[in-house]
Amino acid sequence: MSPQDLDTAPAPSPPSARGPGAAGRAAPPRTGRGRAWLVPALAFVVTLLLGVAGIGTHERLANGGYTASGTESERANRLLADRFGGGSPDLVLLVRAEGGVDTASARAEGRRLTLRLARAPGVGGVRSYWSGGAAGTDPALRSEDGTRALVTADLTGADRDAARTAEALVPELTGRHGALRVQATGPAWVSVEAGRVSQHDLVCAEVVAAPLTLLILVLALRSLVAALVPLVIGVVAVVGTIALLRLLSHAMPVSVFAMNLTTALGFGLAVDYGLFLVTRYREELRTGKPVAVAVERTARRAGHTVAVSACTVALSMSALLVLPLPFLRSMACAGIAVALLAAATAGLLVPPVLNLLGTRVDRWDPLAVLRGWRRSGPGAPRADSPAWRTVARVVTRRPVYYGGGCALVLLLVASPFAHVHFGLSDERVLPAHTEAHRTSQAIREGFTSRAERNLTVVLPDVDAVRDRAALSAFARRVAALPSVARHGGVLTSAGGAPRPWVSAEGAPATAARGDRVRVAAPPGPGAVLTVTGPEDPQSRAGRDLVKRLRSLPAPGERLVTGRAAHLADTQDAVRGRLPLAAGIVAVTTWAMLFLLTGSVLLPVKALVIGALSLGTSFGLMVHVFQDGHLRRAVGEFTVTGTLDMTMPLLMFVIAFGLAIDYEIFLLSRVKEHHALTGDNRQAVVEGVARTGRLVTTGALAVAVVTGALATSGVTLLKLLGTGLAVAVLVDAVLVRGVLVPACLTLAGRANWWTPAPLARAHAWISARTGLDESR
């Protein structure tokens, strides 16, 4: 929020004061009320069209994209799928047989189920316990007690196509099939259930957020009419966001959770921008300006601030584009578009609506009787906040005491982030009652060699005949590594067709438990070795095993994949790009604040304090969602002992953009009063008093909208909603109310120091971009 928004220059003189005949020659104001209804009417029609265009958006979204692209593990996965017909299955069926999976009836039904799945449209390959001999083909597909077995399928197409196939197949395949009872899980079915849960949560969140937001706005603006304006802008922005996501899904894969997050962000920003414009308009009316002049000044000056705010959020989110995670890139594109859409909606629609309302914007205060408050004319509520003025005076008298105490509190709350343990999300982000979650939990409890524990070593260039001795030696070295629970075996491929397992002597293998080295029969280039790793594939032991496998001498090129390998590669890829992403945020934020304030120190202070403020949310995420404390406060979820590494990154860019938004608003007021009086301390007090109520109201509105995500049954959305709500509230109350005023007071004149060359550059740019307050 820029200095232009807070301009207090007198309104232009009426035509009668400009000399004889001026009234007849003056052109009507651009925001005249004669045609003001055209824009709202057109907006209504466009909103209806966007609503129709957004129908079915959920069906185009899919889960996935949480691992880095272009890594060794991804290349190994492609080789497994293309050459060996393997890879991570998209759909997993857990089959229960009361008499055991090896009975004649269970084998017959199991083979029929396997054949039915293999012949279904969209299924690329099937692996089943019953696809081989009477005893099955792989003990990993049979439970320890012999009552359950697995059937896995690779589905064709991208994640979205696989999810559609699973949505069609699972209802037909699950349930009772003779002696068998079938349940489903796997990434494709997780995506389907995640979409259903998130869609239900979206409706619930909107039902909760809209009335609470309206109540907050009525309390702050003291007018139902004024409160409805930002709310309507928020609704229009949400409808546009849904249609925008559908359009974006044609250009790239978009996460199934994007709908919940971007609609919450779009609604919150639109309400914030609408609130800001309405507040500025009422201030203009309070100075006695005519409606048309007040609207014109609001649209020109406050509208510019809204655009700057949207660019701040968009630039902050653009840092995610350099990270090699498809999920974050799609969220970045969606977030950038939504921020700009919210600003465009507010900037284009609010001025004509205000023109139509005129002075009626202050009508209908439902709580006037309770307050005992009498309306004394348009804009009766004070422009400043006596409570925040008192707080600012107290803080600026003893800035070291209050600023230091606030910083210590923020550091203490952030301290749990020091022991953060990152991981990859799985079906446990879904509610415990969902089928995918329950089925995966049953597999964890009943199967020793779970797929998630396995690491797969792909040797694409070996020859099973020529390199047989080297292959066997490599397999023995792998089996001897620490953390290896069981060595699975080696499989060769000839012409893309998998070969059967055989023993080290060349005879067909029985795949009995306990076999440590099994070498596949020739001919055909390439081999695959499967290793069962630690119980927790996302533990340090799992990552260490990946490093040891990749450092072992191997017969030819060696590629390692599996859950632990995906995590290690993703962490390395993000770690390598993180400095660039942080640099983008820092440089763009510094440049924007410098252009708005002309100060060198203030942007640096904003970056440091913004990072400190967000540390509280990160600490809370670890304390609650990783360590499992305070679960009753946010609702039940499954504690995995890890945090999905994409969540802190996503939360940082969103919350940081909002924090800088509030920073711009506060600093612009402080700068304005410092330019008038030259008194730094008094300027800080006046800035806090003038912005305290508006910043707090805007933060409450955003916190309600994003915090409604905390009611979601999906852990990722619950985490994001809780973290963002805490971030904006801490920033609006503790940081803008205490820490920033204390720092501004301590810095004194240094706040406004700028080297002469930069000062000249700032003046030149400001005069040509509309940032000059004198315009």
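Just so you know, these numbers use all the heavy atoms, side chains as well, and skip hydrogens, waters and symmetry mates. Note that the structure is a prediction, hence the values are computed from the model and not measured.
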Got [X] and [Y] here, is their nearest side-chain heavy-atom distance under 4.5 Å?
X: Met621; Y: Pro416; value: no
X: Leu559; Y: Leu79; value: yes
X: Leu481; Y: Leu552; value: yes
X: Leu173; Y: Leu113; value: yes
X: Leu549; Y: Val478; value: yes
X: Thr456; Y: Val560; value: no
X: Thr439; Y: Val92; value: no
X: Ser69; Y: Glu74; value: yes

For Ala470, which residues count as a side chain to side chain contact (heavy atoms under 4.5 Å, CB included) partner, sequence neighbours excluded?
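Pro555.
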
Report the residues that fulfil side chain to side chain contact (heavy atoms under 4.5 Å, CB included) with Asp572, sequence neighbours left out, ordered by chain and then residue number.
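Counting only residues at least two positions away or on another chain, Asp572 forms a side chain to side chain contact (heavy atoms under 4.5 Å, CB included) with Arg575.
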
Taking the basic N atoms (NZ, or NE/NH1/NH2) and the acidic carboxylate oxygens, is any pair closer than 4.0 Å for Glu167 and Arg196?
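Salt bridge flag = yes for Arg196 with Glu167.
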
Answer yes or no: is there an ion pair linking Arg96 with Glu109, defined by an N-O contact shorter than 4.0 Å?
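Answer for the salt bridge query: no.
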
Ser128 and Thr114: side chain donor to acceptor below 3.5 Å
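There is such a pair between these side chains.
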
Give the intermediate values and the outcome of side-chain contact (heavy atoms from CB on, under 4.5 Å) for residues Phe422 and Val574.
CA-CA 12 Å; Phe422 291 118; Val574 170; over 6 Å; no

Determine, step by step, whether Phe257 and Leu709 satisfy the side-chain contact (heavy atoms from CB on, under 4.5 Å) criterion, reporting the C-alpha distance in whole Å, the side-chain angles of both residues, the deciding distance to 0.1 Å, and the verdict.
CA-CA 11 Å; Phe257 303 128; Leu709 295 176; over 6 Å; no

Any sub-3.5 Å donor-acceptor pair from [X]'s side-chain atoms to [Y]'s backbone N or O?
X: Asp644; Y: Ser425; answer: yes
X: Trp189; Y: Leu93; answer: no
X: Arg577; Y: Leu323; answer: no
X: Thr561; Y: Ser73; answer: yes
X: Asp201; Y: Gly713; answer: yes
X: Glu193; Y: Ala436; answer: yes
X: Arg112; Y: His177; answer: no
X: Ser330; Y: Phe327; answer: yes
X: Ser617; Y: Gly723; answer: yes
X: Arg477; Y: Pro553; answer: yes

Using a 6.0 Å cut-off, check whether atom [atom1] of [X] has over 12 heavy atoms from anything other than its own residue.
X: Glu557; atom1: CD; result: yes
X: His629; atom1: NE2; result: yes
X: Arg631; atom1: CZ; result: yes

For [X] versus [Y], what's the shortest heavy-atom pair and its separation?
X: Val546; Y: Ala568; result: CG1-CB, 4.5 Å
X: Val624; Y: Phe637; result: O-CZ, 3.4 Å
X: Val170; Y: Ala184; result: CG1-CB, 3.7 Å
X: His421; Y: Gln626; result: N-OE1, 2.7 Å
X: Ala166; Y: Val192; result: CB-CG2, 4.5 Å
X: Leu261; Y: Ile654; result: CD2-CD1, 4.0 Å

Once the angle between the rings of Phe618 and Phe652 is folded into 0 to 90°, is it parallel (under 30°), tilted (30 to 60°) or perpendicular (over 60°)?
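Correct class here is tilted.
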
Once rounded to the nearest 0.5 Å, what's the spacing between atom [atom1] of [X] and atom [atom2] of [Y]?
X: Leu424; Y: Thr646; atom1: CG; atom2: OG1; answer: 9.0 Å
X: Met331; Y: Leu328; atom1: CE; atom2: CG; answer: 8.5 Å
X: Arg540; Y: Leu545; atom1: CZ; atom2: CG; answer: 14.0 Å
X: Thr147; Y: Asp102; atom1: OG1; atom2: CG; answer: 10.5 Å
X: Phe625; Y: Leu630; atom1: CZ; atom2: CG; answer: 10.0 Å
X: Asp154; Y: Arg127; atom1: CG; atom2: CZ; answer: 10.0 Å

Of all pairs that satisfy salt bridge (charged side-chain N to carboxylate O under 4.0 Å, His left out), the ones with a partner from residues 426-438, not counting sequence neighbours:
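Counting only pairs at least two positions apart or across chains, the salt bridge (charged side-chain N to carboxylate O under 4.0 Å, His left out) contacts touching residues 426-438 are Asp426-Arg428, Asp426-Arg444, Asp426-Arg563, Glu427-Arg444.
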
Show, in sequence, the C-alpha distance, side-chain angles and deciding distance for Leu717 and Ser198, and conclude whether the side-chain contact (heavy atoms from CB on, under 4.5 Å) test is met.
CA-CA 8 Å; Leu717 295 177; Ser198 63; 4.2 Å; yes

May I have the step-by-step check of side-chain contact (heavy atoms from CB on, under 4.5 Å) for Asp161 and Thr156, ending in yes or no?
CA-CA 7 Å; Asp161 302 317; Thr156 59; over 6 Å; no

